[in-house]
Protein chains: 2
Amino acid sequence: MRLSPSQNAQLAMLVEVGTSPKPGNVGPNQEFEDTSYHQFQASAVGAGPGLVDAEEGSPVGEAFYRAVEGSTLHAGGNTHFGSLLLLVPLVRAAGDQGVDSVDDVLRSTTVDDASLFYSAFQLTDVRLLDDFPQGLPDASSGDAPRQVRERGLSLYDVMEASADVDDVAREWATGFERTFETAETLGGFSETADTNEAVARTFLDMLRRHPDSHVAKRHGEHVAEDVTSMAGELDVISLNRRLRSDGINPGATADVLCAACFVALETGRMEV
Amino acid sequence: MRLSPSQNAQLAMLVEVGTSPKPGNVGPNQEFEDTSYHQFQASAVGAGPGLVDAEEGSPVGEAFYRAVEGSTLHAGGNTHFGSLLLLVPLVRAAGDQGVDSVDDVLRSTTVDDASLFYSAFQLTDVRLLDDFPQGLPDASSGDAPRQVRERGLSLYDVMEASADVDDVAREWATGFERTFETAETLGGFSETADTNEAVARTFLDMLRRHPDSHVAKRHGEHVAEDVTSMAGELDVISLNRRLRSDGINPGATADVLCAACFVALETGRMEV
């Protein structure tokens, strides 16, 4: 007996946010002004039914919408929108042919999936996520679900068009390349370290290698690149203090880490 | 739309263990030698299906067995056995007439429920829980489920007979008196404090008022009483250091706190 794919996804959300230190992110005893650690826990719990739908083969858009809806039943800001955009297709693949078949799931998404993705936006704190590439519907507009239908865009099309400016979309466009690589990193650290240490070290490794797209959107690309350098130079406590005082949250890196935790749990590379 | 009773129970488990500081307990960055914080998270996730069964009206023994089974799918020691023994009847009541009707759920338990309770013991790290009152079957014996049938004991009978020596059993025997009182305390603190602070302050308040039965079983009653005094005298950091260095875990207090978090979430006294 083992945890199901939807349960492993929920656990990945909890392990990712519950690991400390993770400089700049919400975590235990490290809250944002508008969002607490316990609200991230409530978000992971509430996403459960949507993740079960994905495991049982529901269309990606429907499962994603339901998961996001459940993840917003708390008083805080955006918690798991990006993470769920990665987890839902992974869980759907895991419930069917296995996580390695996720690319088939992505490429078979439809206009309906894209429309529901835009509808899900309306449920969240869109301020964090409103910087969409030119040529795509404006996600903060209530009219976006209709526009996406008019233009005949699938969810895969939307993600592919956003890949250059969004780390989550980039995973869709590359068959979850960085997610799978990061799951290998987690597996490597897990051979000698406990779960918390393995996840925390993997996060630092990711920060050093790749500028965070969420930071780039909010603060500019040069700031995202500065974070990459700082992650290589500063100790973890100084890095955290610096990011917190500047209001910098490497949130996209956390999303990809969350997806990688799921893959590592689901494939046995990491065991809790 | 709101979280369902089974989801609120899962959230209560996560909020209880994720709150810090809670002197002597497992928490973020505070692990036991045999059990990590992330294993408590996995336990809360795995208990989900059993809690859903309880919400949908399954017999208490069946739902409890399934919840315990799911809560042991990790490599650590006992995590939520005591908490689930409180949460399962509460969730069953919440899914039917509301938490105030929990006493009816307790009193209508049967010999089957008692037998499954003893079977669930076999799934856990029984070293922590093997000190049962005279007159009851020895929980560490594989023969206990048969013995309980032979003697015709309901789960309520078993709990009532253990009430003097076990804080969890005492809740069964008293209609969850301390659980409901503690939910009021949580509600009071929540009026001015955030979730983490409200739960942490409530835990200290509980420690000061009532010697922990888990500590009494492991270390003797005088030690449990010493903890009560220390909780009134020491600051929280010193108290934690002292409990950790002496290997003292007020685990029964945490179980009742977890149940109180559920009641406070379910009744709106505490909002996340």
- Task: Inspect the contact between B/Arg178 and B/Glu171 and indicate whether a charged nitrogen and a carboxylate oxygen are less than 4.0 angstrom apart.
- Result: no
- Using atom types as modelled and distance alone, determine if a side-chain donor or acceptor of B/Ser71 lies under 3.5 Å from a backbone N or O of B/Val68. yes
- Message: Can you see whether B/Ser43 engages B/His80 through a side-chain donor-acceptor pair at a distance of less than 3.5 angstrom?
- Response: yes
- For B/Glu271, is it the side chain, the backbone, both or neither that has a heavy atom under 4.5 Å from a heavy atom of chain A? neither
- Message: For A/Asn25, is there any backbone N or O sitting under 3.5 Å from a side-chain donor or acceptor partner on A/Gln30?
- Response: yes
- Query: Do you know which of A/Asn8, A/Leu265, A/Thr19 has the most heavy-atom pairs under 4.5 Å to chain B?
  - Reply: A/Thr19
- Message: If you count heavy-atom pairs within less than 4.5 Å of chain B, which of A/Pro49, A/Gly48, A/Ala42 leads?
- Response: A/Ala42
- Task: Give a yes-or-no answer on whether the side chains of B/Thr124 and B/Asn78 include a donor-acceptor pair shorter than 3.5 Å.
- Result: no
- So, the part of A/Asp194 with a heavy atom under 4.5 Å from chain B: the answer is side chain
- Message: Less than 4.5 Å to any heavy atom of chain B: does that hold for the side chain of A/Gln7, its backbone, both, or neither?
- Response: both
